[in-house]
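In what follows, residues are counted from 1 in the order of the sequence shown.
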Amino acid sequence: VFLDEVCEATFGVQGGKPFHEKVVHRRLRLLTEAGRQWYDYLHIAYDGQLDTLSEVAARIDKPNGKTIEVQEWSDHPAISGDGLHTTTRLRVADLSQVSPGDVVELRWRHRSQDAFLGHRWTFDHSWPTVSSRLVLTLPAGAEVATSFIERGTYSAFEPQRETLADGATRLTWSREKQPPAPKTNVYAPPSRARESTLTYSIRKLPGAGVKDGILTSWKDYGVWYAHLLEGTGEATPRIRRIADKVLADAPEAAKERVARLYRHVQDTVRYVSIQLGMGGWRPTPADEVAEQGLGDCKDMASYLKTLLATDGIDSDLVVLGTRTAYLTDTPGPNLRGHNHVILAVNLPDQPRHFIDVTCRVCGYDDLLWGDQGTQVLIADGPDSQLVRTPTSTPEDNHLVRDYDITLAADGTATFRMVYEGSGEFAVHGRRTLYNLNQEERERWLRRIPGGHGAVETTATQIDNQGDFDAPL
């Protein structure tokens, strides 16, 4: 249980450069063995290029009054399964000496140079929280935009305001006796959508060396993003040759031609994320993606957009957040909500169609569940707009189980089982099978009837594994 946690945050300017700084103080009591295992290792994430971590300290208060100061900290790069390089790092401490009943107290100071990217504070977690507080101090003349999402719903949350002697403003948001965030299953919204989170973005910071009101709207962000895209979508001779080859025998119907080019990107580009400098925001030029066969979400979406343009098909990159981030409709954009890019295809007389190019096993009509029903930005320069992606219906996602059973006089049974899935069921099955070899596939299939008791599987078969637009 979190006993109390306080975040004291501020924005400022030093040497003509803006910064955001926060001091976090947290106390929690470990009640069970599961809680102890959760806190075996403490880690604090930060950006090795943009952030400075200091005054990091932790201690363990035992029920018998003994206090253990944590002395040893180590620093490590944080590499995800799909990334080859990242500037994210982890400051880590070994807390294996904690026991149920102990109180763990943590404190650290975190300064970031990306003052304009937006920040957030979560008031509840997977465990109960007794008290949580965000204290934000704004220099004189500074302005901030905020948005509060409580369990997936935008809510009003007004802070206590205090004017300080130097003209600064102190804003305080407090929550008491917060229950744990609701538990969920794998198909539910991401955890951040189930928590109570306040996002805040600086809109005006005197002395920062930039125009007042930088990126004051999502339309401003769309214009800025359009500048980043300049030069990345050139239809080079290589791009045109690829498009001509893929569409050589394609039907005239626009949907079929989009599907052909989409499948080409799925088959020829491997997802690899390398984020250096602006590489976390600006796509790799489409010609380089075609040549190397590597790219992340924005690279793959931009590559498909460029291929479609050679066939006269209009599309837009779409900025959104997944898992632990999401776009908010605050007056000033929270740029930390942007961690994913998909594509919106604009066919005449048809609704805007969304494609997540990173899904290697999705059909034309399959949009990953994490991309559904979420607010996204259509990045179309001055015409950029926030819209919400469609949500699939129960009819789109069905699982049919067909059993043909023959009972014998000796009490045994012979049966033929057919599982047919479409939509999310088919995507989930194909993703499971994607990286399995034939032997592993057989083992996976033989486990399916395992819940029926003593079963001997004599034969297995998979249909339509490679036809993403058909049921699996």
Side-chain angles (χ1 to χ4, degrees), residues 1-10 20-47 51-63 65-76 78 88-112 118-137 146 148-150 157 159-160 170-181 191-192 194-200 324-325 336:
V1 57
F2 283 92
L3 301 175
D4 54 74
E5 48 179 5
V6 179
C7 176
E8 298 178 338
T10 187
H20 169 265
E21 185 173 78
K22 63 182 179 182
V23 177
V24 179
H25 181 249
R26 176 176 292 160
R27 287 195 316 132
L28 57 102
R29 186 186 300 277
L30 303 176
L31 303 179
T32 66
E33 178 63 19
R36 186 200 69 78
Q37 293 177 4
W38 184 273
Y39 259 81
D40 258 359
Y41 284 89
L42 167 70
H43 65 269
I44 303 170
Y46 69 102
D47 190 298
D51 300 346
T52 302
L53 209 59
S54 62
E55 301 176 23
V56 180
R59 74 180 191 184
I60 304 168
D61 294 327
K62 296 287 186 178
K66 181 181 179 181
T67 296
I68 302 174
E69 299 287 345
V70 177
Q71 301 293 341
E72 295 186 10
W73 294 81
S74 55
D75 206 84
H76 308 273
T88 302
R89 300 191 65 83
L90 297 177
R91 189 71 56 85
V92 180
D94 183 354
L95 297 186
S96 56
Q97 52 195 325
V98 298
S99 304
D102 292 353
V103 172
V104 179
E105 187 169 355
L106 318 170
R107 187 184 188 279
W108 68 90
R109 182 182 296 272
H110 180 282
R111 175 174 284 209
S112 177
H119 306 271
R120 62 173 173 243
W121 180 252
T122 299
F123 291 88
D124 56 11
H125 308 274
S126 300
W127 307 317
T129 303
V130 177
S131 175
S132 183
R133 185 158 44 105
L134 169 63
V135 182
L136 175 61
T137 302
T146 65
F148 182 60
I149 299 180
E150 186 167 23
F157 191 8
Q160 294 181 343
R170 179 180 294 154
L171 307 175
T172 303
W173 293 266
S174 298
R175 304 284 286 194
E176 307 292 330
K177 298 181 179 179
Q178 286 284 102
S191 60
R192 290 289 182 187
R194 295 178 280 109
E195 298 170 343
S196 301
T197 301
L198 186 131
T199 61
Y200 56 100
T324 60
R336 289 190 186 277

Within a strict 4.5 Å, meaning less than it, do heavy atoms of the [X] and [Y] side chains meet?
X: L198; Y: F123; result: yes
X: L171; Y: V135; result: no
X: E5; Y: S131; result: no
X: I68; Y: Q97; result: yes
X: V24; Y: W121; result: yes
X: P128; Y: P179; result: no
X: V1; Y: L31; result: yes
X: H119; Y: H20; result: yes

Would you say [atom1] of [X] has more than 12 non-hydrogen atoms from neighbouring residues, nucleotides or ligands within 6.0 angstrom?
X: E69; atom1: CD; answer: yes
X: E33; atom1: CD; answer: yes
X: R133; atom1: CZ; answer: no

Original post:
Just checking, R29 and F2: is the charged tip under 6.0 Å from the six-membered ring centre and within 45° of the axis?
Top reply: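 R29 over F2 ring: no.
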If I compare all heavy atoms of [X] with all of [Y], which pair ends up nearest, and what's the gap?
X: A93; Y: V70; answer: CB-CG1, 3.8 Å
X: L30; Y: R36; answer: CD1-CA, 4.1 Å
X: K62; Y: S99; answer: NZ-OG, 3.5 Å
X: S174; Y: F157; answer: O-CZ, 3.5 Å

Subject >> Side-chain (T10) to main-chain (T137) donor-acceptor, under 3.5 angstrom >> reply: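 Between the backbone of T137 and the side chain of T10 there is a qualifying donor-acceptor contact (under 3.5 Å).
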**OP:** Could you walk me through whether H110 and D51 pass side-chain contact (heavy atoms from CB on, under 4.5 Å), step by step?
**Re:** CA-CA 7 Å; H110 180 282; D51 300 346; 3.1 Å; yes
Original post:
Does the pair L53 and R109 meet the rule for a side-chain contact (heavy atoms from CB on, under 4.5 Å), with working shown?
Top reply: CA-CA 6 Å; L53 209 59; R109 182 182 296 272; over 6 Å; no
Subject >> V23 and R107: CA distance, side-chain angles, deciding distance, side-chain contact (heavy atoms from CB on, under 4.5 Å) verdict >> reply: CA-CA 7 Å; V23 177; R107 187 184 188 279; 3.5 Å; yes
**OP:** Could you check H43 against R91 for side-chain contact (heavy atoms from CB on, under 4.5 Å), going step by step and ending with a plain yes or no?
**Re:** CA-CA 5 Å; H43 65 269; R91 189 71 56 85; over 6 Å; no
**OP:** Any chance you could lay out the ring pair (Phe, Tyr, Trp, His ring centres under 6.0 Å) test for F148 and Y200, step after step, and finish with the verdict?
**Re:** CA-CA 9 Å; F148 182 60; Y200 56 100; over 10 Å; no
Would [X] and [Y] count as having a side-chain donor-acceptor pair, cut-off 3.5 Å?
X: E8; Y: H25; result: no
X: T146; Y: W173; result: no
X: T129; Y: D124; result: no

Interatomic distance, [X] atom [atom1] to [Y] atom [atom2] [nearest 0.5 angstrom]:
X: C7; Y: R120; atom1: SG; atom2: CZ; value: 12.5 Å
X: T67; Y: I60; atom1: OG1; atom2: CD1; value: 10.0 Å
X: Q160; Y: T172; atom1: CD; atom2: OG1; value: 6.0 Å
X: L42; Y: W108; atom1: CG; atom2: CH2; value: 7.0 Å

Subject >> Salt-bridge present (E105, R26; N to O < 4.0 Å) >> reply: no
Subject >> Of T88, D75, T52, the residue whose pairing with Y46 passes side-chain hydrogen bond (donor to acceptor under 3.5 Å, both in side chains) >> reply: D75
